[in-house]
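Notes to accompany the following structure.
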Amino acid sequence: MKKMLPTTTVGSFPKPSYLTKARAQYAGKKISHDELAEMEKKATREIIELQERVGLDILVHGEMERGDMTTYFAKKLAGFSISSPVRSYGNRYYRKPIVNGSIVRNGPMTVEMFEYAQSLTQKPVKGMLTGPYTMCDWSFNTHYSDRRSLTLALAEVIAAEAEDLEKAGAQYIQIDEPAISTRPEEINLAIEAMGMVTSGLKAKTISHICYGDFKTIYPDILKLPVDQLDLEFANSDFANLDIFRDPPFTKEIAVGVIDIHSHKVETVEQVKEWIRSAMDVFPPEKIYIDPDCGLKTRTLDETEAKLKVMVRAVNEIRTEKGWD
Amino acid sequence: MLTTVVGNYPRIPSIKDGINLRKGINDEEKGKIDKDRLEEIYRKTIIRTINDQVEAGVDIITDGQIRWTELTYPMATALTSVHPGGLRRFYDNNIYYRRPQITGLMSRDREIVTEEYRFAAKHSDRPVKAVLCGPITFCNLSNNYYYKSFGKLADSVADVLAGEVRSLVAAGCRHIQFDEPSLPLLPARMELASELYSKIFAGVDAECGIFIYFNSIKSIADRLFELPLRFIGLDLVSHSDDIEFLKGFNPDCKLIAGLFDGRNIMLENEKSIRSKIDRLSKMIPIDRIMLSPSSGLEFLPQKYAVAKMKRMCAVARKLTPAETK
């Protein structure tokens, strides 16, 4: 029997303090790239162990080698430079990429770390990419004539990366598009670009979208050519759930049940209540359970405590329903 | 031609200068520094922000909203029965805000931004503009769990804003701006907006107006210039065709022309700005036009924000002798 309510996470994990320090040392040219890479691998091992310990079903590599989800790729691709930090919210900042030339992929960007993480576990590890629409929206474009030509140029290089991840054995490929709800009038561009990335892939494809107004893009978002959408719900106490009742949701859905912006650890009862309300709207066999967004803003202790609650809530529901 | 800015400003410098607000906030959260030390870092950051604007040549400055995490922050934290809730995207930006939750009768038991104004005014020889979230936008960006209608909520917001505007004027403030990016999204609320501004600004001896950014004014252009305001600021970059709607501009009002893109690092070409000013001057007397970026400058790294302001002030200075004679 297929496992019901598979558990997973969105992608990023908090970096252990030795890695944060090593990244600063590398930026200050005090340690070599190889020394930093060793630390990143050590941290990745620990994140895989954490996920095994908690009992998640589908793992991520934790993004120990990445700072920000757009900057990481911008640094690897030709055609980008990186600016000094701009704010995303509160006290969080990112180094916003600047597009100042034609986008070219010099080689695989994520495959080595994926292969390393997958070699550490029998469970599937997701391949993690940032989608072309979000890469465009979260960069300063000073080169391409318009947003469409930049987005489609990005789609080409991300498609090549997705293909390489699949060749390396990825059974799940997640292409995050958190910016997709920004301009509902551009949703067809985002759909077209995603089509270039996912067409021909046999792996299960997922897209994570968060902190937007889902009302403005539903049901159009069901046309996004991926198998699964991964959405945030806990941050707004599931107030956005009703949007998806009518018309019915047609894809697999990963339901965010952990608020990653709160230090407070959710209770098992609260998470169970949310999962039950999600099962009222989405067919249970199509539901995955995960946190709202990447976990990198929490501490490692908070992360583990929150994920344990999530897994326990899922296990209790499985038992109650006889899905063990 | 005078220049101003819209409001927010980058908090992190492009070149390290020893004032690190990001680290200060993190350190205070972890208990590594105390509140007084953090306060000192805030003050130094605000002074840096003021100096950047003054050195670039901006005539009417702001404090950069350095203490705010979002436009709604001062009201969501100062007002009784309002508190910041879950994160939402701020219009079409990769910036997020905590949606205010209104759970009871709103009241202003303490000042909202007047103390921030006093501090900035003390550290600037240029006039400081006080900025608040406008009433329509505040209602639009909030979740209302208490008031029976949008109108009743808006009335209550107007009451607290009226109180704050009077505090600001008493503190010496002569330029007060409400940011109203949501106004074009709610054209049916234009009459209400007019009533609210009349109530808030009645008898106030200061330049009081609004700034609309991100959204096109197309939906409200026919009534926008009837609002009882001393100035209207417009983002003429995000929707450059909006210039056409200014044919009906009220000559008693001033225009803050947001012609410099606050959201892209590319520097505007002086010639293209001058041709836009030429178009504007055919519709509005040139001495009623002030230049500004199209939005707050926080969307840019600091060095580009400085470059934008310098370019803007250079254009304004060149225009001044020839065209205002």
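Naming: A, B, ... by sequence-line order, numbering from 1 per chain.
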Looking at [X] and [Y], would you say the former's side chain and the latter's main chain have a donor-acceptor pair under 3.5 Å?
X        : Y        : value
B:Glu270 : B:Val315 : no
B:Lys129 : B:Gly7   : no
B:Gln177 : B:Phe211 : no

Side-chain heavy atoms of A:Phe80 within contact of A:Ile103, under 4.5 Å:
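Yes, side chains in contact.
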Given that the side chain runs from C-beta out, which part of B:Ile15 has a heavy atom under 4.5 Å from chain A: side chain, backbone, both or neither?
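Neither; nothing under 4.5 Å.
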dist B:Ile19:CD1 -> B:Ile41:CD1 (nearest 0.5 Å) comes out at 9.5 Å
Could you tell me whether B:Glu39 and B:Lys35 have a side-chain N and a carboxylate O separated by less than 4.0 Å?
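So B:Glu39 does not pair with B:Lys35 through a salt bridge.
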Can you pull out all donor-acceptor pairs below 3.5 Å that join chain B and chain A?
{"residue": "B:Arg11", "atom": "NE", "partner": "A:Tyr93", "partner atom": "OH", "Å": "2.9"}
{"residue": "B:Arg11", "atom": "NH2", "partner": "A:Gly90", "partner atom": "O", "Å": "3.4"}
{"residue": "B:Arg11", "atom": "NH2", "partner": "A:Tyr93", "partner atom": "OH", "Å": "3.3"}
{"residue": "B:Ser14", "atom": "OG", "partner": "A:Ser84", "partner atom": "OG", "Å": "2.9"}
{"residue": "B:Arg22", "atom": "O", "partner": "A:Asn91", "partner atom": "ND2", "Å": "2.9"}
{"residue": "B:Asn26", "atom": "OD1", "partner": "A:Asn91", "partner atom": "ND2", "Å": "3.3"}
{"residue": "B:Trp68", "atom": "O", "partner": "A:Arg87", "partner atom": "NH1", "Å": "3.3"}
{"residue": "B:Trp68", "atom": "O", "partner": "A:Arg87", "partner atom": "NH2", "Å": "2.9"}
{"residue": "B:Leu87", "atom": "N", "partner": "A:Asn235", "partner atom": "OD1", "Å": "2.8"}
{"residue": "B:Arg88", "atom": "NH1", "partner": "A:Glu232", "partner atom": "OE2", "Å": "3.4"}
{"residue": "B:Arg89", "atom": "N", "partner": "A:Tyr211", "partner atom": "O", "Å": "2.9"}
{"residue": "B:Arg89", "atom": "NE", "partner": "A:Thr182", "partner atom": "OG1", "Å": "3.4"}
{"residue": "B:Arg89", "atom": "NH2", "partner": "A:Pro178", "partner atom": "O", "Å": "2.4"}
{"residue": "B:Asp92", "atom": "O", "partner": "A:Arg183", "partner atom": "NH2", "Å": "3.3"}
{"residue": "B:Asn94", "atom": "ND2", "partner": "A:Tyr94", "partner atom": "OH", "Å": "3.0"}
{"residue": "B:Tyr96", "atom": "N", "partner": "A:Ser88", "partner atom": "O", "Å": "2.9"}
{"residue": "B:Glu298", "atom": "OE2", "partner": "A:Arg87", "partner atom": "NE", "Å": "2.7"}
{"residue": "B:Glu298", "atom": "OE2", "partner": "A:Arg87", "partner atom": "NH2", "Å": "2.7"}

